[in-house]
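Worksheet: the structure to be examined is printed underneath.
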Amino acid sequence: MGLTLTWLSVIILIPLAGLFLKTLDLSLVQFWEILTSRRTLNALKISFGLSFAAACVNLVMGTIIVWALVRYRFPGRRLFDAIVDIPFALPTAVAGVALTQLFAQKGWLGAPLAELGIKVAFTPIGIFIAMVFIGIPFVVRTVQPVLIDLDPEIEEAAASLGANRWHTVFRVIMPSLIPALLTGFALAFARAVGEYGSVIFIAGNLPNVSEIAPLLIVIRLSEFRYADATAIAVVMLLAAFVIIFAVNRLQRWAQTRAPAH
């Protein structure tokens with residue numbers, strides 16, 4: 001216990017305490033002015049709004065990918081299973097450059113989209129795509145072992161009792177997967193909120209348009225406005241903590257209900 005608390009304090013608690021202490025250099029009026037400035041509010045809106053949207057997309061698409069990888073056998077399945085882990089191993093800056101080249105107006109995917117009047121690179125859409133890219137493995141790798149352990153005989157029993165495919169999925173399978181799905185959602189959301197390297201290359205970084213909160217923090221640090229940077233960081237930390245805490249409570253609630261199903 002002592003070793004655990006010491007390591008936890010050195011790695012997490014002490015840095016976070018320093019963050020809050022530095023913010024105390026600001027008065028309440030100064031703190032409020034920083035947070036309510038147009039640039040800060042837009043940066044926070046972009047970071048949290050697009051992170052939430054990306055996590056929702058990853059929740060749906062990640063579940064579909066897991067189902068295909070676990071329940072079906074097809075050529076190249078192991079290859080596709082390994083590809084899922086690429087965002088884990090790929091440096092974020094490399095991912096950002098690759099996505100920018102791919103979705104630029106002359107890129108492989110950007111050019112056809114540009115002909116349709118859709119601009120991806122250097123817009124909030126590009127930020128969203130980058131967040132989806134780096135978040136999808138969290139959902140897949142969290143849900144995959146749970147689905148593997150789920151006995152297919154349960155589905156066969158439900159079918160023998162007259163349940164159709166949709167009833168089997170939503171009344172038999174999903175209750176067992178909900179805790180893992182919520183965990184994957186929380187991890188994908190937390191990663192997207194704090195993502196920096198893969199986003200800044202494709203974002204365009206225009207203030208009030210495509211500027212994320214982590215970039216604004218870096219800008220304030222480069223301007224030696226340390227208290228301003230920590231004020232924004234504290235708000236991001238508290239907001240992320242509240243959201244993840246709510247997701248964890250939902251996860252606990254789902255776990256208590258799972259045996260009843």
Checklist entry - Got more than 12 heavy atoms from elsewhere within 6.0 Å of CZ, Phe224? => result no
Item to check | Path from Leu99 to Val94 over hydrophobic side-chain contacts below 4.5 Å | outcome: yes
Checklist entry - Does the side chain of Lys45 reach to within under 4.5 Å of the side chain of Leu50, using non-hydrogen atoms? => result no
Item to check | Transitive ILVMFWY side-chain link Leu187 to Leu177, under 4.5 Å | outcome: no
Checklist entry - Taking it one step at a time, do Asp228 and Leu26 satisfy side-chain contact (heavy atoms from CB on, under 4.5 Å)? => result CA-CA 8 Å; Asp228 292 24; Leu26 298 170; 4.1 Å; yes
Next on the checklist: I need the Ile134 CD1 to Ile129 CD1 distance, nearest 0.5 Å.
Outcome noted: 13.0 Å
Item to check | Greater than 12 external heavy atoms within 6.0 Å of Leu28's CG | outcome: no
Checklist entry - What is the distance from atom CD of Gln105 to atom NZ of Lys119, rounded to the nearest 0.5 Å? => result 5.5 Å
Checklist entry - OG1/Thr6 to CG/Leu13 distance, rounded to the nearest 0.5 angstrom? => result 10.5 Å
Next on the checklist: side-chain contact (heavy atoms from CB on, under 4.5 Å) for Asp25 and Gln30? Distances and angles first, verdict last.
Outcome noted: CA-CA 10 Å; Asp25 292 343; Gln30 292 174 322; over 6 Å; no
Checklist entry - Between Thr100 and Ala121, what is the shortest heavy-atom contact and its length? => result O-CB, 4.4 Å
Item to check | Min side-chain heavy-atom separation Thr92-Tyr196 under 4.5 Å | outcome: no
Next on the checklist: Which heavy atom of Val140 sits nearest to which heavy atom of Ile65, and what is that distance?
Outcome noted: CG2-CG2, 4.2 Å
Item to check | Side-chain touch Leu59/Phe189, heavy atoms, less than 4.5 angstrom | outcome: no
Checklist entry - Quick one: does Arg39's side chain get under 4.5 Å of Ile219's, heavy atoms only? => result yes
Item to check | Whether Thr123 side chain and Val120 backbone form a donor-acceptor pair below 3.5 Å | outcome: yes
Checklist entry - Is the closest side-chain donor-acceptor distance between Thr40 and Ser37 under 3.5 Å? => result yes
Next on the checklist: Working note: Val193 + Met236, criterion side-chain contact (heavy atoms from CB on, under 4.5 Å); need CA distance, chi angles, decisive distance, verdict.
Outcome noted: CA-CA 8 Å; Val193 167; Met236 291 191 65; 3.5 Å; yes
Next on the checklist: For the CG atom of Leu181 and the CG atom of Leu147, what is their distance to the nearest 0.5 Å?
Outcome noted: 9.5 Å
Next on the checklist: Tell me the closest heavy-atom pair linking Leu69 and Phe80, and the distance in Å.
Outcome noted: CD2-CB, 4.3 Å
Checklist entry - Does Ser210 reach the main-chain N or O of Ala203 with its side chain, forming a donor-acceptor pair under 3.5 Å? => result yes
Next on the checklist: If I compare all heavy atoms of Gly184 with all of Val139, which pair ends up nearest, and what's the gap?
Outcome noted: O-CG2, 3.7 Å
Item to check | Parallel, tilted or perpendicular: ring planes of Phe88 versus Phe138, cut at 30 and 60 degrees | outcome: perpendicular
Next on the checklist: Would you say Phe103 ends up clustered with Ile125 if hydrophobic residues are merged whenever their side chains have heavy atoms under 4.5 Å apart, either directly or through other cluster members?
Outcome noted: yes
Next on the checklist: Are the side chains of Val57 and Phe128 in contact, using a 4.5 Å heavy-atom criterion?
Outcome noted: yes
Checklist entry - Shared ILVMFWY cluster between Val143 and Tyr72, side chains joined below 4.5 angstrom? => result yes
Next on the checklist: Looking at Phe20, I want to see if its CZ is surrounded by more than 12 non-hydrogen atoms of other residues, nucleotides or ligands under 6.0 Å.
Outcome noted: yes
Next on the checklist: side-chain contact (heavy atoms from CB on, under 4.5 Å) for Asn208 and Arg38? Distances and angles first, verdict last.
Outcome noted: CA-CA 7 Å; Asn208 302 314; Arg38 181 166 174 260; 3.0 Å; yes
Checklist entry - Which distance, rounded to the nearest 0.5 Å, do you find between the CD1 of Ile14 and the CG of Leu21? => result 11.0 Å
Next on the checklist: Looking at every non-hydrogen atom in both residues, tell me the closest pair between Leu35 and Ala231 and how far apart they are.
Outcome noted: CD2-O, 3.9 Å
Checklist entry - So, Arg78 side chain and Pro75 main chain: donor-acceptor pair closer than 3.5 Å or not? => result no
Checklist entry - Atom CG in Leu182, atom CD1 in Ile244: separation rounded to 0.5 Å? => result 12.5 Å
Checklist entry - Taking the six-membered ring for Trp, are the ring centroids of Phe185 and Phe52 within less than 6.0 Å of each other? => result yes
Item to check | same_hphob_cluster(Ile148, Ile178) at 4.5 Å side-chain heavy-atom cutoff | outcome: yes
Checklist entry - Can any side-chain N or O of Ser51 pair as donor or acceptor with the backbone N or O of Phe48 at less than 3.5 Å? => result no
Next on the checklist: Closer than 3.5 angstrom, by distance alone: can the side chain of Asn205 be matched with the main-chain N or O of Ile200 as a donor-acceptor pair?
Outcome noted: yes
Next on the checklist: For a quick test of reading the model, state the closest non-hydrogen atom pair linking Ala95 to Phe133 and the distance between them.
Outcome noted: CB-CE2, 3.6 Å
Checklist entry - Do the side chains of Leu150 and Arg71 get nearer than 4.5 Å, heavy atoms only? => result yes
Item to check | Side chains of Glu195 and Ser198, donor plus acceptor under 3.5 Å | outcome: yes
Next on the checklist: Between Arg141 and Asp81, does any side-chain N to carboxylate O distance fall below 4.0 Å?
Outcome noted: yes
